[in-house]
Amino acid sequence: MGPFEQIAIDYLIDATRTLDEAASRFASAWETGECVTAEDLSRAAVAQHLRDWWQQVMNQIDVDEAVDIVTAIMESRRAAEAYLISASQLSYGELFTQAMAQARRQAARQFLDSTRHLAEALTGPTSAGRSAPATGPAGGERRA
């Protein structure tokens, strides 16, 4: 297993852990009659969508063994970018629908932010001529 595979696995594990924690918090509050806040629901929704982006990377590798981790990450980055470009900004409909669409956009942005350093390692530094600091699963700086 190479360094890119381990990074992808770490992000998938972290996203899964975050989703499990958010879902547990939500379920516990629901069962005990505590107030379930919008923040609780938002955290769970964003975590679910972020985990889906990382699972998409791993699925590409598992389904087609000819696809390496770098290709899978780059293809998923392109899909996330395309999603953000094509996703309409909802200004109509129910607030819940708008909130879930926002969670999906937020997760796509987080996925792109967390994979930026991998893309730069393959394509070179940012257009400003310098590499942007990469963040790890917990948001701190990460070095590949």
Set of salt bridge (charged side-chain N to carboxylate O under 4.0 Å, His left out) partners for Glu34, sequence neighbours left out: Arg25

For Ala108 and Tyr83, which heavy atoms make the closest approach, and how far apart are they? CB-CD2, 4.2 Å

Flag yes if Ile13 and Val46 sit in one hydrophobic cluster, no otherwise; membership is Ile, Leu, Val, Met, Phe, Trp, Tyr, and two members link when side-chain heavy atoms are under 4.5 Å apart. no

Short side-chain to backbone donor-acceptor contact, Thr71 and Val67, under 3.5 Å: no

Other cluster members, Phe96 - Ile/Leu/Val/Met/Phe/Trp/Tyr, side-chain contacts below 4.5 Å: Phe26, Trp30, Val36, Leu41, Met100

At what distance, to the nearest 0.5 angstrom, does OG of Ser114 lie from OH of Tyr11? 5.0 Å

Qualifying residues under side chain to side chain contact (heavy atoms under 4.5 Å, CB included), relative to Arg51, sequence neighbours excluded: Leu12, Ala15, Thr16, Leu19, Gln55

Distance-minimising heavy-atom pair for Met58 and Ala8: SD-CB, 4.1 Å

Report the relative orientation of the aromatic rings in Trp54 and Phe111; use parallel for angles under 30°, tilted for 30 to 60°, perpendicular for over 60°. perpendicular

Before you tell me yes or no, could you show the steps for Gln56 and Asp52 under side chain to side chain contact (heavy atoms under 4.5 Å, CB included), namely the whole-Å CA-CA distance, both residues' side-chain angles and the distance that decides it to 0.1 Å? CA-CA 6 Å; Gln56 178 181 329; Asp52 289 348; over 6 Å; no

Check the pair Leu50, Thr18 against side chain to side chain contact (heavy atoms under 4.5 Å, CB included), reporting the backbone distance first and the verdict last. CA-CA 10 Å; Leu50 183 58; Thr18 301; over 6 Å; no

Drop me the distance from Ser24's OG to Asp40's CG, to the nearest 0.5 angstrom. 11.5 Å

Once side chain to side chain contact (heavy atoms under 4.5 Å, CB included) is applied, do any residues pair with Glu21, and if so which ones, sequence neighbours excluded? Arg17

Using salt bridge (charged side-chain N to carboxylate O under 4.0 Å, His left out) as the criterion, list what pairs up with Glu31, not counting sequence neighbours. none

Quick check for you: to the nearest 0.5 Å, what is the distance between Ser42 atom OG and Gln102 atom CD? 8.0 Å

I'd like to know whether Ile61 forms a side chain to side chain contact (heavy atoms under 4.5 Å, CB included) with Asp68, so could you lay out the CA-CA distance, the side-chain angles of the two residues, the decisive distance to 0.1 Å, and finally the verdict. CA-CA 6 Å; Ile61 297 164; Asp68 66 356; over 6 Å; no

Do you know which two heavy atoms are closest between His49 and Ala103, and how far apart they sit? CD2-C, 4.0 Å

Between Arg105 and Leu84, which heavy-atom pair has the shortest distance, and what is it? O-CD2, 3.7 Å

Under 3.5 Å, is there a donor on one side chain and an acceptor on the other for Gln6 and Asp10? yes

How many angstroms lie between atom CE of Met74 and atom OG1 of Thr115, to the nearest 0.5 angstrom? 8.0 Å

Could you work out, with salt bridge (charged side-chain N to carboxylate O under 4.0 Å, His left out) as the rule, every residue matching Arg77, not counting sequence neighbours? Glu81

